[in-house]
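One structure below.
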Amino acid sequence: NVLQNKWDVAAAKSLVDVVNEKSISLCGIQPDQTKADFAGWGLKPPDAILLASDLSKADVSASLTSLDIRLNRLGDKGKALIQDAVKNKEGFDLKI
């Protein structure tokens, strides 16, 4: 899990590019995990980039049906990235 490492946006994007073709979770999401609770973690926009990467990889987050990211500082762009990453997951419960 590399969340909360004080990455800037450019560093987060670079890290996502490095693991793009790999089945690696940057946020500690396990393949069989159904719920993830990051509420109140103090996540910032770079963390949203990492989380959106995990959510967009079927082999990383296929079992995930619920995500709580309330009470963070993701910003409008960060929230939009995450919403976009789960928009095609039918019945997905996103608390933002």
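The structure displayed is predicted, hence computed values, not measured ones.
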Of all residues at least two apart in sequence or in a different chain, which pass the side-chain contact (heavy atoms from CB on, under 4.5 Å) check with [X]?
X	result
T65	T34
N5	V2, W7
V18	none

query = Does one hydrophobic cluster hold both L43 and L71, with members joined at side-chain heavy-atom distances below 4.5 Å?
reply = no

key: Check: N1 and I29 side chains under 4.5 Å, non-hydrogen atoms   = no

message = Between R70 and I96, is there a side-chain heavy-atom distance shorter than 4.5 Å?
response = no

Nearest heavy-atom neighbours spanning [X] and [Y]:
X	Y	result
G78	A48	CA-CB, 3.5 Å
L64	A36	CD1-N, 3.8 Å
S61	K89	OG-NZ, 3.0 Å

As an exercise, state the distance from [atom1] of [X] to [atom2] of [Y], rounded to the nearest 0.5 Å.
X	Y	atom1	atom2	value
I82	S56	CD1	OG	11.0 Å
N72	K79	CG	NZ	9.0 Å
Q4	F38	CD	CZ	9.5 Å

message = Quick check on side-chain contact (heavy atoms from CB on, under 4.5 Å): which of V60, L67, L94, L50 does L55 satisfy it with?
response = L67

inquiry  = Applying salt bridge (charged side-chain N to carboxylate O under 4.0 Å, His left out), can you list everything that pairs with K87, at least two apart in sequence or on another chain?
reply    = D84

ask   = Any ion pair linking K95 and D93 (charged N to carboxylate O, less than 4.0 Å)?
value = yes

request  = Any side-chain hydrogen bond (donor to acceptor under 3.5 Å, both in side chains) involving residues 39-55? Give me the pairs, sequence neighbours left out, ordered by first then second residue.
outcome  = S25-D54

message = When you measure from the side chain of S66 to the backbone of K35, do you find a donor-acceptor pair of N or O atoms at a distance under 3.5 Å?
response = no

inquiry  = When you measure from the side chain of S63 to the backbone of Q33, do you find a donor-acceptor pair of N or O atoms at a distance under 3.5 Å?
reply    = no

key: Listed once per pair and sorted, the salt bridge (charged side-chain N to carboxylate O under 4.0 Å, His left out) pairs that draw on residues 3-27, sequence neighbours left out   = none

